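Some notes on the structure that comes next.
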Amino acid sequence: MTSEEVRAAEGKYVLHTYDRPPFVLERGEGVYLYDKEGKRYLDMVSGISVNALGHRNSKILAAIGRQSEKLIHVSNLYHMEPHVILARLLVENSFADKVFFCNSGTEAAEGALKFARKWGKAHFGDRKYEVVAFTNSFHGRTMGALSATYKEAYRTPFEPLVPGFTFATYNDLDSARRAVTANTCAVIVEPVQGEGGVNLAGREFLQGLRELCDERDALLLFDEIQSGMGRTGTLFAYQGYGVTPDVMMLAKALGGGLPIGAVLMTDRVAEVVGPGDHGSTFSANMVICAVAVEVFREIRDLGFLEKVREIAAYLRERLETLVESSPLLLEVRSAGLLVGLESAVPASRWVESAYGRGLIVCTAGPSVVRLMPPLVLQEEHVDEAVGKLAEIARELESE
Ligand SMILES: *Cc1c(COP(=O)(O)O)cnc(C)c1O
């Protein structure tokens, strides 16, 4: 198909839930993507923080080949070796004692909320079902995850949502203290908000939430779907904060580009969940788990995360200089390679201009340009990206 044919067929057959740019991406190599016309783009989005190892990674390709030759799928009715290898890696490298796998971030949030409700009811009775989430949160699009998601435009058309959810102000501990009651079973929070504008939680805020949850017998749920898997420079963002949750959700980068989510929890949560309580046909699919094992081993490597921190510091430094010299850029916020640039003009203007220059960036809300490149980014790529952003800044200023 030509690009034009793809666009026409999409308009005719695909439900319109996304506004997409005109180019049609066809292949990738490392940190670069190529469209059908052969135009090259530096990928500073990595499929929304998914392709942490870049495109066409040889270990991922080999794992897909190796495992699909043997078995692709048997379902959760049966034991699966890649499943337990991945679970062991996650447990041995985190606070968690047990893992539940699912197929996406929203499902991970859904699972975490269900386990928290079961825990609340099992220990404290039927009224212990309330959940406190935060302003500007994003936890997914299914009814439960959506109930914990702040954005009105995502919620309102589908109301009534699940009862028992309230919102406190992000980074405001007093607001959280007012919201968490004896009936709260869980507090759900992103240590670094991605979709909500790249907002970093303060250490004291997360520590305060930990204490609050302990005081009022609620579980602390960290949504690390975007911030986990090395994105912020530590394997998980909570490790950088030194605050340990009871439950953590992962997805995005976990599968190296294949769909998988995970709910990690301590034994105190795991012990209330039994056979039949939750499940999924596809989850822990053998090929995906085999790939995730490779991705995990790569990222867990100390040398790997050290490089992520180094390149993140370099990117941050270059962007701070850019912000100083650009009246249209107000601030850079970042946690490792999750970066937000606060813009005085709509962020979509930057995104559209970047496409023309062979650079892929995206937004996080109306005024934030978001960068979440593959973690294997090198200095030369940072120079290329910042150089192009500087050109766009001049272009937008001259209008
Ligand atoms: C992307 C994301 C989700 C939802 O994940 P999906 O795989 O799109 O369902 C939930 N929480 C956070 C923090 C995310 O970034």
Side-chain angles (χ1 to χ4, degrees), residues 17-18 45-52 100-116 131-151 153-155 158 161-162 165 167 170-171 186-201 206 209 220-232 236-238 240-241 245 247-264 280 282-285 288 291-292 295 333-340 362-365 368 370-373 375:
T17 55
Y18 284 88
V45 172
S46 47
I48 321 186
S49 199
V50 168
N51 302 301
F100 174 84
F101 290 108
C102 52
N103 309 290
S104 69
T106 198
E107 276 185 41
E110 207 67 40
L113 292 167
K114 282 182 73 176
F115 301 150
V131 175
V132 174
F134 290 93
T135 50
N136 297 316
S137 60
F138 183 82
H139 300 292
R141 307 281 206 151
T142 55
M143 293 310 246
L146 184 60
S147 302
T149 291
Y150 186 68
K151 196 170 168 175
Y154 292 167
R155 300 163 52 86
F158 308 104
L161 298 175
V162 179
F165 286 73
F167 293 95
Y170 193 69
N171 268 332
V187 171
I188 182 170
V189 65
E190 296 152 88
V192 181
Q193 289 184 331
E195 304 303 308
V198 188
N199 307 309
L200 283 65
L206 293 185
L209 290 184
L220 182 58
L221 279 45
F222 278 1
D223 182 342
E224 292 231 27
I225 290 165
Q226 191 157 158
S227 63
M229 298 302 294
R231 175 60 48 189
T232 66
F236 306 113
Y238 83 83
Y241 280 98
V247 176
M248 174 170 73
M249 294 87 92
L250 297 176
K252 293 205 160 89
L254 181 60
L258 297 180
I260 184 171
V263 187
L264 284 69
S280 160
F282 284 125
S283 73
N285 170 283
I288 299 178
V291 169
V295 173
R333 294 191 292 273
S334 69
L337 286 176
L338 177 52
V339 181
C362 72
T363 62
V368 177
R370 182 170 38 151
L371 313 178
M372 35 190 166
L375 303 183

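Only heavy atoms go into these numbers, but all of them, side chains included; no hydrogens, no water, no symmetry mates. Note that ligands are numbered from 1 as they come in the structure, with each ligand's atoms numbered from 1 the same way. Note that this is a predicted model, so its numbers are computed, not measured.
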Exercise. Near D223, which atoms of ligand 1 are under 4.0 Å from a heavy atom of that residue?
Worked result: 10 (C), 11 (N), 12 (C), 13 (C)
Exercise. Are side-chain N/O atoms of T363 and R370 paired as donor and acceptor at under 3.5 Å?
Worked result: no
For this session: Could you list the residues that satisfy side-chain contact (heavy atoms from CB on, under 4.5 Å) with N51, not counting sequence neighbours?
Result: S46, H55
Exercise. Would you say the side-chain atoms of T106 pair up with the backbone N or O of R141, donor to acceptor, closer than 3.5 Å?
Worked result: yes
Exercise. Any chance the rings of F236 and F222 have centres within less than 6.0 Å?
Worked result: no
Problem set entry | Contact check: I225 vs ligand 1, nitrogen or oxygen atoms, below 3.5 angstrom | no
Exercise. If you measure only the distance, is there a donor-acceptor pair under 3.5 Å linking the side chains of Q226 and Q193?
Worked result: no
For this session: Identify, with sequence neighbours excluded, every residue that meets salt bridge (Lys or Arg N to Asp or Glu O under 4.0 Å) alongside E190.
Result: none
Exercise. With only distance considered, is A251 within less than 3.5 Å of ligand 1 through an N or O on each side?
Worked result: no
Exercise. Which ligand 1 atoms are under 4.0 Å away from a heavy-atom of E190?
Worked result: 13 (C)
Problem set entry | Per-atom contacts, ligand 1 versus G105 - under 4.0 Å to a heavy atom | 4 (C), 5 (O), 6 (P), 7 (O), 9 (O)
For this session: Check whether the side chains of S137 and T149 place a donor and an acceptor atom closer than 3.5 Å, and report yes or no.
Result: no
For this session: Can you figure out which of K252, E195, R141, M249 has its heavy atom closest to atom 2 (C) of ligand 1?
Result: K252
For this session: Please indicate whether any nitrogen or oxygen in E107 is less than 3.5 Å from any nitrogen or oxygen in ligand 1.
Result: no
Exercise. Do ligand 1 and T106 have nitrogen or oxygen atoms that lie under 3.5 Å from each other?
Worked result: yes
For this session: Measure the distance from atom 3 (C) of ligand 1 to every protein heavy atom, then report the residue, atom name and distance (to 0.1 Å) of the closest one.
Result: F138 CE2, 3.6 Å
Problem set entry | Nearest protein heavy atom under 4.0 Å from atom 8 (O) of ligand 1, yes or no | no
